[in-house]
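This structure is a prediction, so every number in the text was calculated from the model and none was measured. Hydrogens, waters and symmetry mates play no part in the numbers below; they use all other heavy atoms, side chains included.
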Amino acid sequence: MARVKICKPCLWTALLGIGFLFIWYFKVLALGYYWLTTSVNAAQWERSALWLPSYRVAVEGLPIEGLTRNTSGLTFNEKTGTLFTVINRPPQVAELTTDGRLLRVIEIDGVKDPEGITYVERDTYVISDEDSHSMYWAQIGPDTQRVSVAGKSSLGLSIDTVHNASFEGVSWDSAQHRLFVVKEKMPLRVLVISGLDVFNESTGFNINIHEWQSSSAASLFMSDLSSLTLHEPTGQLLLLSDESALIVAYAPNGKPISMLPLWRGFHGLRQKVPQPEGLAVGPDGAIYVLSEPNLFYRFERTAAPAGS
């Protein structure tokens with residue numbers, strides 16, 4: 001039998017190339033730099049309402065009974081005290097309790113690939129559809145069983161349109177009447193859309209779209225973005241990355257201030273969160289994460305902020 005001769009220099013070159021590719025794609029150096037920066041500035045930020053290093057998992061990887069696939073996006077409705085997520089096959093909205101129990105499933109007509117949802121107020125929600133690169137306004141009341149967005153208010157964004165790598169998460173800012181929209185990758189973007197009158201369809205929209213100030217900076221050190229949520233009491237913007245399995249909190253000026261790795265052994269997690277796709281914050285500061293296909297997580301702060 002002939003022996004296969006291995007070229008050791010070639011093997012080492014290949015391994016180094018793979019290593020550099022890993023470091024480049026997952027932005028390991030930038031992650032390390034900002035992790036160190038946030039740790040050094042901990043005293044400045046740990047009094048804030050969302051100091052992520054103080055959180056630990058309270059509910060880990062709970063399968064949501066009644067859902068079997070593709071939960072994506074997450075929002076908290078303070079009016080009902082419940083969570084809402086979307087499912088893309090078939091297009092649906094699901095309402096959940098804060099302990100991960102399914103309350104109802106609502107069919108959606110008029111969208112193909114819903115990936116994000118945010119509660120606005122009254123019975124109004126905005127749903128992002130990755131297939132059409134559009135945001136749709138939907139009315140979901142306490143007794144709604146089916147909703148159609150056909151012919152309703154919508155907003156299309158033909159910006160860096162890439163199939164299956166388009167707009168994922170959405171989050172409504174009720175204080176300034178703005179919609180935050182996150183683009184998954186190629187490139188990573190966080191857009192801020194203002195001028196939306198979501199309750200008066202007859203007036204149309206006179207909108208302004210600009211890129212969130214950290215979107216083109218190195219401080220977006222995740223390899224993709226799968227969801228986001230704005231914490232209005234502090235003005236902090238939380239970004240979620242599926243591939244990096246990471247939540248990063250940003251100050252109103254766009255500076256990263258703390259991180260919550262969704263990795264095994266961190267924050268009490270017994271296992272890595274496999275595919276985090278939804279993120280929401282409750283009025284008590286609890287952080288909720290949904291992972292495909294149907295896993296529910298809740299993180300709680302172990303101690304109240306100093307001086308609160």
Following the transitive rule for hydrophobic clusters with a side-chain heavy-atom cut-off under 4.5 Å over Ile, Leu, Val, Met, Phe, Trp and Tyr, establish whether [X] and [Y] coincide in one cluster.
{"X": "Leu239", "Y": "Leu246", "answer": "yes"}
{"X": "Leu295", "Y": "Leu260", "answer": "yes"}
{"X": "Val86", "Y": "Ile64", "answer": "no"}
{"X": "Leu103", "Y": "Leu83", "answer": "no"}
{"X": "Phe76", "Y": "Leu240", "answer": "no"}

With side chain to side chain donor-acceptor pair (under 3.5 Å) as the test, pick out the partner of Glu95 among Asn77, Thr82, Thr85.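 Considering Asn77, Thr82, Thr85, a side chain to side chain donor-acceptor pair (under 3.5 Å) with Glu95 is found only for Thr82.
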Taking it one step at a time, do Glu168 and Ser226 satisfy side-chain hydrogen bond (donor to acceptor under 3.5 Å, both in side chains)? CA-CA 6 Å; Glu168 292 260 331; Ser226 57; 5.9 Å; no
Are [X] and [Y] ion-paired here, with the side-chain N under 4.0 Å from a carboxylate O?
{"X": "Glu211", "Y": "Arg189", "result": "yes"}
{"X": "Lys112", "Y": "Asp129", "result": "no"}
{"X": "Glu60", "Y": "Arg270", "result": "yes"}
{"X": "Asp113", "Y": "Arg89", "result": "no"}

pair [X]-[Y]: side-chain heavy atoms closer than 4.5 Å:
{"X": "Val111", "Y": "Tyr136", "result": "yes"}
{"X": "Arg264", "Y": "Phe266", "result": "no"}
{"X": "Val93", "Y": "Ile117", "result": "yes"}
{"X": "Ile207", "Y": "Ser194", "result": "no"}
{"X": "Leu179", "Y": "Val170", "result": "yes"}
{"X": "Val149", "Y": "Asp109", "result": "no"}
{"X": "Leu225", "Y": "Lys183", "result": "no"}
{"X": "Asp143", "Y": "Arg104", "result": "no"}

Could you give me the CA-CA distance, side-chain angles and deciding distance for Val57 and Arg298, then say whether side chain to side chain contact (heavy atoms under 4.5 Å, CB included) is met? CA-CA 6 Å; Val57 68; Arg298 184 176 73 235; over 6 Å; no
Residues forming a side chain to side chain contact (heavy atoms under 4.5 Å, CB included) with [X], sequence neighbours excluded:
{"X": "Arg56", "value": "Thr302"}
{"X": "Leu62", "value": "Val59, Phe296"}
{"X": "Asp284", "value": "Ala286"}

Can you label the angle between the Tyr297 ring and the Phe299 ring as parallel, tilted or perpendicular, going by 30° and 60°?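 Plane angle under 30°, so parallel.
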Quick check against the 3.5 Å criterion: does [X] have a side-chain atom that pairs as donor or acceptor with the backbone of [Y]?
{"X": "Ser134", "Y": "Ser132", "result": "yes"}
{"X": "Ser241", "Y": "Asp224", "result": "yes"}
{"X": "Ser244", "Y": "Ser223", "result": "yes"}

So among Tyr125, Phe84, Trp137, which one has a ring pair (Phe, Tyr, Trp, His ring centres under 6.0 Å) with Tyr119?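 Among Tyr125, Phe84, Trp137, the one meeting ring pair (Phe, Tyr, Trp, His ring centres under 6.0 Å) with Tyr119 is Tyr125.
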Walk me through it: do Ser227 and Glu277 pass the test side-chain hydrogen bond (donor to acceptor under 3.5 Å, both in side chains)? CA-CA 6 Å; Ser227 190; Glu277 294 282 349; over 6 Å; no
Exactly one candidate in Leu228, Leu74, Leu290, Val289 meets side chain to side chain contact (heavy atoms under 4.5 Å, CB included) with Leu279; the answer is Val289
Ile127 and side chain to side chain contact (heavy atoms under 4.5 Å, CB included): which partner among Ile108, Thr75, Val147, Thr118?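 Looking at Ile108, Thr75, Val147, Thr118, the match for Ile127 under the side chain to side chain contact (heavy atoms under 4.5 Å, CB included) is Ile108.
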Where do Val273 and Trp263 land on the side chain to side chain contact (heavy atoms under 4.5 Å, CB included) test, with the steps shown first? CA-CA 6 Å; Val273 179; Trp263 311 334; over 6 Å; no
Leu96 and Arg101: side chain to side chain contact (heavy atoms under 4.5 Å, CB included), yes or no, with the steps? CA-CA 5 Å; Leu96 311 171; Arg101 181 169 54 88; over 6 Å; no
Value rounded to 0.5 Å, distance of [atom1] in [X] from [atom2] in [Y]:
{"X": "Glu232", "Y": "Thr234", "atom1": "CD", "atom2": "OG1", "value": "9.5 Å"}
{"X": "Tyr250", "Y": "Lys255", "atom1": "OH", "atom2": "NZ", "value": "12.5 Å"}
{"X": "Ile193", "Y": "Ile209", "atom1": "CD1", "atom2": "CD1", "value": "5.0 Å"}
{"X": "Leu237", "Y": "Ser171", "atom1": "CG", "atom2": "OG", "value": "7.0 Å"}
{"X": "Leu230", "Y": "Gln176", "atom1": "CG", "atom2": "CD", "value": "8.5 Å"}
{"X": "Arg301", "Y": "Ser54", "atom1": "CZ", "atom2": "OG", "value": "3.5 Å"}

Search all heavy atoms of [X] against all heavy atoms of [Y] and return the closest pair with its distance.
{"X": "Ile247", "Y": "Ile287", "answer": "CD1-CG2, 4.3 Å"}
{"X": "Ile87", "Y": "Ala94", "answer": "CD1-CB, 4.2 Å"}
{"X": "Lys79", "Y": "Asp123", "answer": "NZ-OD1, 3.5 Å"}
{"X": "Ala245", "Y": "Pro276", "answer": "CA-CG, 4.4 Å"}
{"X": "Gly235", "Y": "Pro252", "answer": "O-CG, 3.6 Å"}
{"X": "Trp172", "Y": "Ser174", "answer": "NE1-CA, 3.4 Å"}

Return yes if a side-chain donor-acceptor contact under 3.5 Å exists between Ser72 and Glu115, otherwise no.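 Yes - a donor-acceptor pair under 3.5 Å links their side chains.
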Tell me, with the steps shown, if Thr71 and Asn294 meet side-chain hydrogen bond (donor to acceptor under 3.5 Å, both in side chains). CA-CA 6 Å; Thr71 55; Asn294 66 335; over 6 Å; no
Intermediate values then yes/no, side chain to side chain contact (heavy atoms under 4.5 Å, CB included), Phe221 and Met259: CA-CA 12 Å; Phe221 45 81; Met259 303 179 197; 3.4 Å; yes
